[in-house]
Every structure is written in structure tokens, then in C-alpha cells.
Amino acid sequence: MSKLLSLAEAIAKYVHDGDLVYAAGFTHLIPFAAGHEIIRQRKRDLVLARATPDLIYDQMVAAGCARKVIFSYMGNPGVGSLRILRAAIEAGRLEWEEYSHFGMISRLQAGAAGLPFMPMNPTGAADLERANPLIRRVADPYSGREVIVVPALQPDVAIVHVQRADAQGNAHLWGIIGEQKEAAFAARRVILTAEEIVDEAVIRSDPNRTLIPGLRVDAVCHVPYAAHPSYAQGYYDRDNEFYLEWERISQSEQAVQAWLEEWVYGVEDRQEYWARLGPQVHARLQVTPRPSAPVNYGQY
Amino acid sequence: MTEPPACSSSELMIINAARLLRDGDIVFVGVGQPNLACNLAKRTHAPHLVMIYEAGVIGAQPNRLPLSIGDPTLVSGALSVVSMYDIFALYLQRGNVDVGFLGGAQIDRYGNINATMIGDDYAHPKVRLPGSGGAQEIAAWARRCYIMTPHQKRRFPERVDFLTSAGFLGGRGERQSLGLPGQGPVGVVTDIGYLEPDETGELVLTALHPGKTVEMARQNTGWDLKVAPALRVTEPVTETELRILREELDPSGIYLGG
């Protein structure tokens, strides 16, 4: 049975006000198109979890979608600060819950495996444990030594962008694979967006590359360029100029709202957004092909 | 004797940081200046350096200057790409990383680092910083950690406002009692000189860059900075090091200014 939906349908059906949302992707394959659709549908009171909130959560917080963020590094990668999140936190307008990257990702790993918590070795830096009571210590029942534990994270909905998927949601992704697989297994509902929808035979030609199986996926949406201004390995480059531009835009509330008006509320979907970026940006983000050597699975 | 070539503070720090790496080291690299230091070392005295990036990339061979920790140029041609959980669990926690580079808004007397917030109340930060990312675990588990930071008084307080990454905590004995696998911060490269922990874990001035003075270092440190009896002067930067940095690694000067 096909799970193909438009992104607007998928967000309307599977993202509800108050949900805990995990939009996956460490720098790579960040599902910006889905974030923008959530903004357009004016979802409210979301708890937004991501290791690196990145511009996607800065924009969703600016649009008033969130009541809380859960994160482990709140910067504009390679540029500096996430100004909107930072200002909201400093002003006490936004709740937050904080981990190290390893703590954050261990929470997802536990959630994905159906375990109640995940242990980690101690680091000697205990201030975050004092600041966040969900980070605790237990005795290793074998050696008696203390380990740090974090509780499983099972988001209401995970949103994952991939290079290619079939209509059932069996998905190939490559390049930086961050925490997409863990998010898809941890979450109760999974929305997949894909650069390409391919025949099941393409997926079956390279089963080791299927990090997310269709059995975890609720909706599959064909959304080319969904990750811009982040990137899709082999499809288009990261738009570093926009990351720098956001640093400028996000200094003024007025500029942020004008940007949201033009690039989110003012477009119907990702196709219109991409067209509006124009041929110069398209050319700048083009990638020279560099295919891998094929592998031989053998005919048995 | 010819004058050493003129260079910026950033270039001075990057070049001196690069010299700390040993050929064959497996190094956990951050973007920006640490990335330049590692790539410079690889193109000079450490061709067998293995660069691991927090985004999950092992043995990266970047073709262009990576502008984020997850730049696609790190992936193409790398030895391996793994998940975030694997990079922290199998590589860092398992003890497969020799060197970590760290920075932070504050570094204190015992090499503890704050990258989380300025102020005295976590719940009401005066200035909210990005937070740990990978820094909490790198500081604990990489065998050797180096810190790079401009030498300014506000960056070197007596005590950090928030302990993001453990240095020697309240002194070397306290870190040792925890049995952390990494040795802790073994050196701090600044634009004035080089600090190293003494037997108590306190950072002391052990080297100055050419033309810098003890007075400059002491004035820009928030505690009563001790000076090692055998104070060295670092080797002047060379034309070769500067050429690689300026022409090959960061031709647009994105990280070299200042």
C-alpha cells in the first residue's frame, strides 16, 4: 500500500499541537520543507527536540510554533549564535532542556531500542547534571562503579529527509547519517520526505543502504530540495551564504517576520520556494557527480 | 637574521596548535581554527594524521575549507561515515581518539571550560552560549586535549561560571580520583603564548610567542598567573606554514583574520 501524501497532508495528519517533534539530520538532510509547512499550518505549543536546533528551529520558534526546545548545541553551525532561540531563552520566554551531544543521542538510542534509559561513562563535568534532573547516576550492577544515565526519548513524531525512498517508505540515505535511523525507530509516528521516489527494485538493489524500513514510516512525501539551506549529499550543496545571511536577518524581529512572510507564508510549497531562489542560487548549489564503486551482491 | 614574517593572532595560534600534533595522531576535529590547525599539520609534519569529525566522519580529506562541522566535502573521499551515536560511543567513549581540540568562552585556572552560559544562575543566564555539543565527552575521553583561545582577561577567569568540560576540576588530584581515561588539558595555545598544567593541574605560562611579554600574559589572565622557571620562546612562524594556510587552506581568509 502506498503511503505517498503531499507534505501539507502529512503535516496536517501527523503533527498535532503540543507534540514532541524530532526533525532529524545533523547538519545534513535537515527537513526544512517540513518545518516550513508546520509554520504555515500554524501548529502551536510544540516541544522541538534536535541535537542542533539549527536555523529550522530558530525559524519555528520565531513563528511561534514552540513552547520548549530540547537540544545539545544551540549554535548557527560555522557562523555563531542562534539569535532567536538565544534571545527567547535569555528573556525567559522559552523552556529548554539541555544535554551534551552524546546524552541527547543516547536518549534517542534508548528510545529506538525500546529501553527505559541509556548508560554513559562519567565525564567529570557535573554542572549539567545539576541543571537537568533527568540526567542521573546509577551503580553499574556488575562493577559497582557509577554510570550516568539519560531517559529514553520517544518523540510523538519524527521527520526525516532522505535521498530516495519507495512509496512504502523504505529509505536510502548516505553521507552524514547523524541520527535519522534512531529518530525513525524512536518516534511514534514518522514522516519521510525524499528527494526522489524510486521503485522498490531500486531499494532492493542495495539493501545495506536502507537505514529506515517502510514498516516504521507513516507518510512518504516527494519533496525535492527539501533540505535547503542545508544539503543532500550528491544532490545539492549546503547554502553557506544563507547561513551567514540568517545571522544578519535574525538580528531584527521585523526582518525575521518579513523573511517568514516572503519565504514561508508567501509560498505554497517547496517547489515555489525553490523556484523563487532563482537560477543563480540553483547553479551555486550544483554538485559535480562522484559515484561510489558499485558493490556486487551476487545472484543466488 | 631575517625578521619572521608578519602574521595575525589567529594565524599565530593555528600554527602553534598545528605543531602540537604528532604524526599518526587520531584527532577529533572541530570546524574553524582547529580544522585549519589539523589540516596544516597534515600538510607539514604529520601526513598520517587521522581526522575524525563530530558529524561522524573518519579519515576526512576535505577538498575545500569546511564551513560547518557537517560540510559535504568531509564525506566525499573519507574512510568511513558513521552515525552520531557511533562516533561518540565506538570512537570517543571506547578510547579510539588521541587528541581533542576545544575552545570556550571561559577557561579557568585548572583548565576547566565553560561553553554553556555566563552568569551565576543557569535558569536565568546573562548570556546564553551554544552549550556542550561534543565538548563534555571530548574533554573527558580524548587522551590529550588542547585548548585554543585568544588571551583575554574575560576568557581566563579564576573559576568558570559553568563547568561544561572538565579540566582538572579543583586540581589534578580531583580529576585523577575520577579515573577519567583522558589526561585532560595538556596545553592552552593563546595569541600571547602557551600555558601548561603544573603538577597541581594549575595552568602556568611555559612559553611566549616571539615579541610577547610575561606582563602581557599576566595582565590578560584573571588569576595570578605563574611563570615556569624555564620559560621558552616559541619558534617563529615560517613562510611555508603561512603560505599553506593563506593559499591552500583558507584563501578567503575566513578564519585567519583577527
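To find a chain, count down the sequence lines: A is the first, B the second, and so on, and within it residues start at 1.
For B/L178, the part sitting under 4.5 Å from any heavy atom of chain A is the side chain, from C-beta outward, and nothing else. When heavy atoms are compared at a cutoff of 4.5 Å, A/A87 does not approach chain B at all. B/A115 does not touch chain A: none of its heavy atoms, backbone or side chain, sits under 4.5 Å away. Heavy atoms closer than 4.5 Å to chain A are found nowhere in B/T73, neither backbone nor side chain. Contacts of B/Y255 with chain A are made by side-chain atoms alone, with heavy-atom separations under 4.5 Å and no backbone atom involved.
Residues from residues 236-249 of chain A that place a non-hydrogen atom less than 4.5 Å from a non-hydrogen atom of chain B comprise A/D237, A/R238, A/N240, given in numerical order.
Residues A/T27 and B/I69 form a side-chain contact, since some pair of their non-hydrogen atoms from C-beta on lies under 4.5 Å apart. Counting heavy atoms from C-beta on, the side chains of B/V57 and A/I176 come closer than 4.5 Å. Here the side chains of A/H101 and B/F88 are in contact, with some heavy-atom distance below 4.5 Å. For the pair B/V127 and A/R86, the minimum side-chain heavy-atom distance is below 4.5 Å. Between B/M84 and A/F102, every side-chain heavy-atom pair lies at or beyond the 4.5 Å cut-off.
Here B/G70 is the residue among B/A78, B/G134, B/G70, B/A140 with the most heavy-atom pairs under 4.5 Å with chain A. Note: A/G175 leads A/S230, A/S292, A/G175 in heavy-atom pairs under 4.5 Å with chain B. The candidate with the highest count of non-hydrogen atom pairs below 4.5 Å against chain B, out of A/E98, A/H28, A/M120, A/M104, is A/E98.
Using modelled atom types, one finds no donor on one side chain facing an acceptor on the other under 3.5 Å when comparing B/S83 with A/E179. For B/E137 and A/T123, the side-chain atoms include no donor-acceptor pair closer than 3.5 Å.
Nearest heavy atom pair, residue A/L128 against residue B/F162, reads N-CZ, 3.7 Å.
Taking the six-membered ring where the residue is Trp, A/W96 and B/Y122 present tilted rings, their angle falling between 30° and 60°.
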